[in-house]
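None of the values given here were measured: they were computed from a predicted structure. To find a chain, count down the sequence lines: A is the first, B the second, and so on, and within it residues start at 1.
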Number of protein chains: 2
Amino acid sequence: MIFSKACEYGIRATMYVSLHSLENKRVSLKDISREIDSPEAFTAKVLQQLSRSGIINSLKGPTGGFFIDKPTMQKTNLSHVVYAIEGASFFKGCGLGLKECSEKRPCPLHSRFKIIREELRVSLENTNLYDLSLGVKDGLTFLKK
Amino acid sequence: MIFSKACEYGIRATMYVSLHSLENKRVSLKDISREIDSPEAFTAKVLQQLSRSGIINSLKGPTGGFFIDKPTMQKTNLSHVVYAIEGASFFKGCGLGLKECSEKRPCPLHSRFKIIREELRVSLENTNLYDLSLGVKDGLTFLKK
DNA sequence: ATATATTCGGATAAATTTGTCCGAATTAAA
DNA sequence: TTTAATTCGGACAAATTTATCCGAATATAT
Ligand code: SF4
Ligand code: SF4
């Protein structure tokens, strides 16, 4: 819908990694894709992207896996995750995919939708991984049904 | 972004058709795709979809084209246009593309995003074609830059 | 050292979305 | 009645996104 599959898996994977990083546990690709119910090989690609972007860390070999240090969890917002996967274009231009325009010559939808677009941006920029995973840890939110 | 290309063209085309239908003018595919800057043949497909869905009307032959009668313009909301093109799935399940879930076991993003999702739905459901095209007619909003 | 468990990276394949082409059907005007 | 302008519908093509496969590199434990 709003996010591509890649981004969706990226967000879910990041949340799962964060959750276990709270207790300094590393999680493997296999664990992640099983627990977030995503195609393993494809998820691997997304994780690599996130790893290269510095959002998560990875370690090869036995007992290896993905993890995030707490400082990074604190300062990484969902917007960073989305940016790493969807790219800059997600955050500029019309949030609804319509043609470029100016505030002075808005299309008929603008007044209705700029609010939504702005809210989405703010929401993504104000939600960090640490807070998200605390919610899961405290049993307030869930990663699987 | 939120909408597929097909839907984007559909929305823009519908707005253009509405605008000219205010003065009982029919517009041709050629006009439409030129004025909303979209690929002609592809736009034709979308217009056919909208026509079959009863959102717009069409007439073949010279002086033919697409149009909407005013009563239909009044009662047709953007949500109908989106529904006709994106299908029912757009309006159910998670508006963010994440996996299904329940209100009782929400994912960590839910509280942040259900508001946005709801606003989008309401916005689409409360915006009819007549009002949109009046804005353009009155020079308040624009269809091209 | 060796075996094993993991991530990494490139190639490729499948699926979906986007886009094109063309002939048939329809309608209006000349 | 002929011609021209248009929508309609099906087949096809291109581009993008999603997904898989496999060997290489790396790190750990035995
Ligand atoms: S005017 Fe607003 S809604 Fe319309 S295309 Fe521009 S940014 Fe999008
Ligand atoms: S809990 Fe809300 S945000 Fe999360 S997947 Fe479900 S509907 Fe989407």
Do other residues, nucleotides or ligands put more than 12 heavy atoms under 6.0 Å from the CZ atom of A:Phe67?
yes
Taking atom C1' of D:dG9 as reference, at what distance in whole Å does atom CG of B:Leu47 sit?
14 Å
Tell me which pairs pass side chain to side chain donor-acceptor pair (under 3.5 Å) where either residue lies in residues 37-48 of chain B, with sequence neighbours left out.
B:Ser38-B:Thr43
Going by side chain to side chain donor-acceptor pair (under 3.5 Å), name the residues that satisfy it together with B:Arg52, two or more places apart in sequence or in a different chain.
none
For B:Lys25, enumerate each residue passing the salt bridge (charged side-chain N to carboxylate O under 4.0 Å, His left out) test, keeping only those at least two apart in sequence or located in another chain.
B:Glu23
Looking at A:Tyr130, I'd like to know if its OH atom is crowded, meaning that more than 12 non-hydrogen atoms belonging to other residues, nucleotides or ligands lie closer than 6.0 Å.
no
Going by heavy atoms closer than 4.0 Å, what residues in residues 48-62 of chain A are next to DNA chain C?
A:Gln48, A:Ser51, A:Arg52, A:Ser58, A:Leu59, A:Lys60, A:Gly61, A:Pro62
Report, as yes or no, whether the 6.0 Å neighbourhood of atom NZ on A:Lys137 holds more than 12 heavy atoms from other residues, nucleotides or ligands.
no
A:Asp31: which residues meet the salt bridge (charged side-chain N to carboxylate O under 4.0 Å, His left out) condition with it, sequence neighbours left out?
A:Arg34
Interface with DNA chain C, restricted to residues 15-32 of chain B and to heavy atoms under 4.0 Å:
none
Reading DNA chain C in the 5' to 3' direction, which nucleotide is the first one with an atom under 4.0 Å from a heavy atom of chain B, and which is the last?
C:dT18 to C:dA28
For DNA chain C, whose closest nucleotide is more 5', that of A:Thr63 or that of A:Ala44?
A:Thr63
Determine whether A:Phe142 and B:Cys107 satisfy the following criterion, side-chain contact (heavy atoms from CB on, under 4.5 Å), listing intermediate values before the conclusion.
CA-CA 5 Å; A:Phe142 306 84; B:Cys107 88; over 6 Å; no
Would B:Ile32 and B:Tyr9 show up in the same hydrophobic cluster when neighbours are defined by side-chain heavy atoms closer than 4.5 Å?
no
Below 3.5 Å, can you tabulate the donor-acceptor pairs from side chains in residues 58-65 of chain B to any protein atom, sequence neighbours excluded?
none

Which of residues 64-72 of chain B sit near DNA chain D, with a heavy atom under 4.0 Å from it?
B:Gly65, B:Phe66
Taking only residues two or more places apart in sequence, or in another chain, which ones meet B:Asp131 in a side chain to side chain donor-acceptor pair (under 3.5 Å)?
B:Asn128
Could you state the interatomic distance from CG (A:Leu143) to CG (A:Leu132), rounded to the nearest 0.5 Å?
9.5 Å
Under the side-chain contact (heavy atoms from CB on, under 4.5 Å) criterion, do B:Leu47 and B:Ser51 qualify, and how do the steps go?
CA-CA 6 Å; B:Leu47 286 167; B:Ser51 172; over 6 Å; no
Pair A:Tyr83 + A:Phe90: ring centers closer than 6.0 Å:
no
Side-chain polar contacts of residues 74-81 of chain B - donor-acceptor pairs under 3.5 angstrom, sequence neighbours left out - could you list them?
unit_1, atom_1, unit_2, atom_2, d
B:Thr76, OG1, B:Thr72, O, 2.6
B:Asn77, ND2, B:Glu125, O, 2.9
B:His80, ND1, B:Asn77, N, 2.8

Protein-nucleotides 16-18 of chain D N/O pairs closer than 3.5 Å?
unit_1, atom_1, unit_2, atom_2, d
D:dT18, OP1, A:Lys5, N, 3.0

